[in-house]
Amino acid sequence: MPSSPANPKTLVYGVDFSGSKTACKKIWVSRGTIHKRTLHISSCCPISDLMPESIRKERDNCLAFLQDLISTETEAIFGLDFPFGLPEAILNGQDWESSILNFSTKYESPDDFRAKCRNSTGNKEIKRTTDHQKKAPFCVYNLRLYRQTYYGIRYILQPLLKRKAARIIPIQKPLQHKASVAEICPACTLKRNGIYVPYKGKNNRELENRRMILSAIKKWKIELEEEVMKAALEDTEGDALDSIIAAYASYRALQEMATDMPLAEEYISEGMIYD
């Protein structure tokens with residue numbers, strides 16, 4: 001592994017994203033810094049804890065806050081767990097940038113997005129190349145993911161791309177003074193490390209699995225503050241832990257970017273998961 005990434009960012013955010021009506025509670029953000037090739041995660045909280053109290057209830061406000069955070073943290077990398085693109089079968093020859101910029105015009109709502117995707121594929125669930133390679137659980141318009149995909153692309157990627165306020169890797173090359181934004185998937189990261197076990201729930205089994213995952217994470221060149229560990233154990237829905245894993249995947253994305261390997265054509269059009 002290279003001694004230092006080509007993109008010298010030392011601030012890392014992991015974001016467990018949500019498009020639900022309760023997004024202000026469901027979106028968790030972990031923040032860390034890289035020092036001597038170790039990721040130190042110092043905070044982990046719902047996004048509402050970072051926002052002014054007067055605007056922290058509405059989903060649109062939370063998504064706008066996240067977009068602004070990415071725009072202003074210009075020396076950071078952000079890992080977000082929603083799909084950054086669509087399968088080539090749905091793109092129908094359209095390039096990635098056009099598909100993102102035209103997304104809100106083509107799809108009026110989450111349900112419209114899912115219906116049109118299913119209609120264009122004969123009601124089949126078609127995964128992207130990266131979904132197959134990284135063993136992602138669902139395709140981008142699956143019933144359990146389509147809202148996340150819609151709100152992520154519509155309210156985060158599209159405005160960032162329009163404003164040229166961040167760099168969406170690996171499709172866009174990273175630049176100094178602009179945040180890098182990477183697609184991550186906690187399930188893929190856990191699968192790659194052989195610890196994909198049930199950890200979301202209130203039972204003792206899930207609690208012990210969260211404890212086991214945190215123990216494994218400590219071997220990945222990560223240091224966690226006590227309050228971060230506490231949040232991950234106590235959040236029974238697993239969002240806190242997912243944001244920590246997202247931060248780790250973002251850290252790995254920095255290392256992958258340093259290798260400067262050529263991208264497969266499918267990644268350029270569909271996006272790529274960093275795990």
Side-chain angles (χ1 to χ4, degrees), residues 12-20 23 26-30 32 39 41 44 47 66 70 77-88 90 96 100 113-114 117 125-153 155-157 168-171 180-200 209-210 213-214 216-217 220 222 232 235 237-257 263-264 266-275:
V12 176
Y13 282 89
V15 181
D16 180 57
F17 189 75
S18 173
S20 72
K26 290 290 293 176
I27 296 175
W28 277 68
V29 180
S30 285
L39 175 61
I41 299 181
C44 176
I47 196 168
L66 176 57
I70 295 170
I77 182 168
F78 287 78
L80 295 97
D81 68 335
F82 63 82
F84 281 19
L86 309 179
E88 285 194 331
I90 293 173
W96 175 83
I100 301 301
F113 166 65
R114 175 168 159 77
C117 287
E125 294 205 343
I126 297 177
K127 288 186 174 182
R128 300 170 298 165
T129 297
T130 192
D131 298 325
H132 286 293
Q133 292 180 344
K134 300 301 176 71
K135 300 180 181 179
F138 309 113
C139 86
V140 305
Y141 52 94
N142 175 272
L143 186 62
R144 295 182 63 178
L145 188 61
Y146 77 102
R147 290 183 179 276
Q148 203 160 314
T149 303
Y150 179 85
Y151 282 102
I153 293 178
Y155 291 97
I156 305 297
L157 287 195
I168 314 303
I169 62 170
I171 302 161
S180 294
V181 184
E183 178 185 343
I184 62 88
C185 172
C188 297
T189 301
L190 293 175
K191 286 179 180 180
R192 183 177 59 79
N193 286 278
I195 50 174
Y196 186 54
V197 294
Y199 61 96
K200 301 183 180 185
N209 282 341
R210 290 196 295 277
I213 291 169
L214 286 169
I217 282 174
W220 300 349
I222 296 183
D235 174 36
E237 295 187 20
D239 301 322
L241 182 53
D242 280 348
S243 72
I244 293 168
I245 298 168
Y248 167 71
S250 302
Y251 170 68
R252 276 182 49 84
L254 285 176
Q255 306 299 331
E256 281 197 42
M257 283 153 49
L263 282 178
E266 292 87 351
Y267 295 155
I268 297 172
S269 60
E270 296 180 332
M272 187 181 92
I273 296 169
Y274 287 93
D275 63 352

| request: Among Tyr151, Tyr155, Phe82, find the residue that satisfies the ring-ring contact (aromatic ring centres under 6.0 Å, His included) test when tested with Phe17. | output: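 Looking at Tyr151, Tyr155, Phe82, the match for Phe17 under the ring-ring contact (aromatic ring centres under 6.0 Å, His included) is Phe82.
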Residue pair [X] / [Y]: nearest heavy atoms and the distance that separates them:
| X | Y | value |
| --- | --- | --- |
| Ile27 | Ser18 | CG1-N, 3.5 Å |
| Ile126 | Cys139 | O-CB, 3.5 Å |
| Ile268 | Ile171 | O-CG2, 3.8 Å |
| Ala232 | Ala240 | CA-CB, 3.9 Å |
| Ala249 | Ile184 | CB-CG2, 3.5 Å |
| Arg114 | Asn142 | NH1-C, 3.7 Å |

Within a strict 4.5 Å, meaning less than it, do heavy atoms of the [X] and [Y] side chains meet?
| X | Y | answer |
| --- | --- | --- |
| Val181 | Ile169 | no |
| Ile168 | Ile100 | no |
| Ile213 | Val197 | yes |
| Ile244 | Ser30 | yes |
| Asp81 | Pro186 | yes |
| Tyr199 | Asp242 | yes |
| Cys44 | Trp28 | yes |

| field | CA sep, side-chain torsions, deciding dist, call: Tyr196, Asn209, side chain to side chain donor-acceptor pair (under 3.5 Å) | value | CA-CA 9 Å; Tyr196 186 54; Asn209 282 341; over 6 Å; no
Tell me if a side-chain donor or acceptor on [X] pairs with a main-chain N or O of [Y] at a distance below 3.5 Å.
| X | Y | value |
| --- | --- | --- |
| Trp96 | Leu86 | no |
| Lys127 | Ala136 | yes |
| Thr130 | Met272 | no |
| Glu183 | Phe84 | yes |
| Lys191 | Lys135 | yes |

Going from [atom1] on [X] to [atom2] on [Y], what distance comes out if it is rounded to the nearest 0.5 angstrom?
| X | Y | atom1 | atom2 | value |
| --- | --- | --- | --- | --- |
| Phe113 | Arg147 | CZ | CZ | 12.0 Å |
| Ser20 | Gln148 | OG | CD | 9.0 Å |
| Ser250 | Ile77 | OG | CD1 | 5.0 Å |
| Asp131 | Cys188 | CG | SG | 7.5 Å |
| Leu39 | Ile222 | CG | CD1 | 5.0 Å |
| Ile245 | Ile195 | CD1 | CD1 | 7.0 Å |

| query | Under 3.5 Å, is there a donor-acceptor pair between the Tyr248 and Asp275 side chains? | reply |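 Tyr248 vs Asp275: no donor-acceptor pair found between side chains.
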| salt_bridge(Arg128, Glu88) N-O dist < 4.0 Å |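 Salt bridge between Arg128 and Glu88, a charged N being under 4.0 Å from a carboxylate O: no.
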| query | Does the pair Met257 and Tyr274 meet the rule for a side-chain contact (heavy atoms from CB on, under 4.5 Å), with working shown? | reply | CA-CA 10 Å; Met257 283 153 49; Tyr274 287 93; 4.2 Å; yes
| Asp235 and Arg210: CA distance, side-chain angles, deciding distance, salt bridge (charged side-chain N to carboxylate O under 4.0 Å, His left out) verdict | CA-CA 10 Å; Asp235 174 36; Arg210 290 196 295 277; over 6 Å; no
| After noting the C-alpha distance and the side-chain angles of Tyr141 and Tyr146, does the key distance pass the ring-ring contact (aromatic ring centres under 6.0 Å, His included) rule? | CA-CA 4 Å; Tyr141 52 94; Tyr146 77 102; 9.4 Å; no
